[in-house]
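Keep in mind the model is a prediction, meaning the values are calculated, not measured.
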Amino acid sequence: MNESGIKNPQANLSSVGLGNIKTAYWNLSQTELIEKTIQLGQGVLTDTGALAIDTGEFTGRAPKDKFIVKDAKTANTVFWGEVNQPIEEKYFDQLYTKITAYLSGKDVFIKEATACANKNYKLGVRVISELPWAALFAGNMFIRPTADELKTFQHDWLVLHAPGFKADPKVDGTRQHNFAILNFSKKTIIIGGSGYTGEIKKGIFTVLNYELPQEKNVLSMHCSANIGKEKDTAVFFGLSGTGKTTLSADPNRGLIGDDEHGWADDGIFNFEGGCYAKCVDLTEEKEPQIFRAVQFGALLENINFYPGTRKVDYTNIKKTENTRVSYPIHLIDNAVEPSVGGIPKNIFFLTCDAFGVLPPISKLTPGQTMYWFLSGYTAKVAGTEAGITEPKTTFSTCFGAPFLPLNPNKYAEMLAERMKKHNANVWLVNTGWTGGSYGVGSRMKLSYTRAMITEALKGDLEKVKYETHPVFGLAFPTNCPTVPDEVLNPRNTWTDKNAYDDKANELAKQFVKNFEKFAAHASEETRNAAPKVAQSV
Ligand code: ATP
Ligand code: MN
């Protein structure tokens with residue numbers, strides 16, 4: 001085996017079953033990985049110096065093909081179900097062996113980095129991939145050690161990444177040819193059949209969501225975070241597409257992180273060292289910081305160019321609506337270093353309500369906080385799918401069900417404890433529709449959402465009058481200095497008020513039904529925060 005790059009002299013690939021590699025490229029620099037990708041014909045440079053690649057068959061995560069090995073460690077700790085699907089250890093072992101055979105004689109690219117910006121919780125991650133750009137992704141997204149640190153680096157978790165390897169579902173225990181399998185006992189993730197880089201990042205997030213709450217009393221959160229000049233920390237929970245990355249990039253505040261954080265006794269910390277932003281319709285005017293981060297070192301996925309140029313056409317979503325860019329966090333001008341902040345003063349729950357029913361901003365009581373956290377409501381819009389006009393309601397508990405291996409009550413209890421102790425303001429922000437449901441109304445203007453968040457952070461929404469939503473019981477401001485008053489009450493934005501009331505009731509019913517599974521465990525205060533469904537006469 002040939003080896004090049006920087007590594008711990010004690011580290012070797014034979015110990016992980018990869019003794020027959022052609023060349024092992026250890027911790028190549030960004031530049032070298034970009035060069036390799038281009039040499040292999042796997043990517044091209046854009047006119048701003050970013051690297052553009054295609055991830056292949058998969059352009060998004062494949063939640064149905066994610067499994068956790070069920071063994072003595074996980075049998076009674078993992079919350080098994082549709083999200084956390086069990087797989088037998090023998091299948092993991094078999095696939096691991098098959099992947100090592102598949103990689104033998106090939107080159108591999110190894111990236112070693114850490115997760116968790118708070119040194120008490122550092123997790124060493126080693127990603128071994130057949131693709132140089134996957135190693136670039138890992139270097140962009142995790143926290144980068146110095147060259148000296150690499151010489152003594154030891155990993156806690158291994159990610160073995162072989163997008164070109166396909167499982168045989170008939171004998172390998174998978175659903176189809178692609179898979180991501182977590183083995184908590186062996187601290188190893190194997191990924192095959194999919195080149196979508198998000199699998200690597202969300203694999204490690206799932207690990208932290210298992211280990212930190214149970215073993216370290218740290219609440220792990222699917223949220224972005226930023227910090228003001230007065231050192232006040234804000235976190236933004238939300239499901240995919242609700243605005244975590246977009247809204248945390250705020251020119252007046254330091255960015256802590258855009259997707260995953262832990263809440264420890266002394267404050268919050270980023271799990272990652274990079275951002276993973278959506279690119280659809282990206283413009284410099286609307287999202288200047290993200291737009292400018294698309295430079296040398298950034299990795300663009302599945303984008304298209306204006307014909308005959310290397311200028312990215314962000315409006316072109318022919319390959320996928322989920323075009324993405326990953327970049328090290330320092331490519332955002334005002335990222336803070338290290339990526340940590342104090343106990344949050346403001347917590348935002350972001351929801352993209354495609355019904356257009358929820359107020360653009362409301363302030364939650366403690367009971368509502370728990371109710372909305374456990375519910376984890378957002379809506380997915382069908383968008384490009386022909387014939388589908390109705391939005392699809394999604395309840396994803398704790399705003400992150402696909403990544404949570406433990407019982408959701410564990411995370412909810414940890415949040416409740418912290419809320420009781422620290423008394424943060426909690427805001428519900430609807431970044432979705434106004435003036436009607438999807439198809440009739442329009443998406444809330446990003447500039448309005450930003451303005452409302454800024455007012456909330458400044459404390460100005462403490463001084464205004466509030467109204468209570470008759471169905472959802474949400475207290476929303478009736479005036480906000482930098483936003484037209486009429487957008488604040490969603491009912492006012494609809495021309496057909498009866499249609500609004502019907503939709504609100506319809507959504508309320510879905511909330512109540514979804515909450516049935518949490519009701520037994522929830523406190524009376526939480527249960528009382530449920531919306532009031534009108535009984536039909
Ligand atoms: P993921 O978990 O998948 O990374 P995310 O929560 O980080 O998702 P963003 O990447 O911030 O989501 O995506 C929000 C998208 O919605 C962006 O493309 C943004 O431009 C767009 N958008 C439009 N209107 C708004 C609004 N009012 N508030 C927030 N985002 C908006
Ligand atoms: Mn994001």
*asked:* Determine whether Glu89 and Lys73 satisfy the following criterion, salt bridge (charged side-chain N to carboxylate O under 4.0 Å, His left out), listing intermediate values before the conclusion.
replied: CA-CA 12 Å; Glu89 190 177 7; Lys73 179 166 190 179; over 6 Å; no
*With sequence neighbours excluded, tell me which residues meet side-chain contact (heavy atoms from CB on, under 4.5 Å) with Thr59.*
Thr55, Asn302, Thr320
*Cationic tip of Arg324 within the cone over Tyr276's six-membered ring, i.e. under 6.0 Å and within 45° of the normal?*
yes
*asked:* With a 4.5 Å cut-off on side-chain heavy atoms, are Pro402 and Lys202 touching?
replied: no
*By ring-ring contact (aromatic ring centres under 6.0 Å, His included), which residues pair with Phe165, not counting sequence neighbours?*
Tyr102
*asked:* List the residues meeting salt bridge (Lys or Arg N to Asp or Glu O under 4.0 Å) with Lys201, not counting sequence neighbours, and say none if there are none.
replied: Asp259, Glu260, Glu272
*Please determine which of Leu299, Leu33, Val325 meets the side chain to side chain contact (heavy atoms under 4.5 Å, CB included) test together with Leu51.*
Leu299
*Using a distance-only test with no angle check, is there a side-chain donor-acceptor pair under 3.5 angstrom linking Glu199 and Ser194?*
no
*Heavy-atom side-chain proximity of Phe395 to Phe511 below 4.5 angstrom*: yes
*Please identify each residue that fulfils side-chain contact (heavy atoms from CB on, under 4.5 Å) with Asn8, with sequence neighbours left out.*
Gln10, Ala11, Gln154
_Residues that Glu32 engages under side-chain contact (heavy atoms from CB on, under 4.5 Å), provided they are two or more places apart_ = Leu28, Ser29
*asked:* Between Thr74 and Asp71, is there a side-chain donor-acceptor contact under 3.5 Å, judged purely by atom types and distance?
replied: yes
_For Thr365, all residues meeting side-chain contact (heavy atoms from CB on, under 4.5 Å), sequence neighbours excluded_ = Gln368
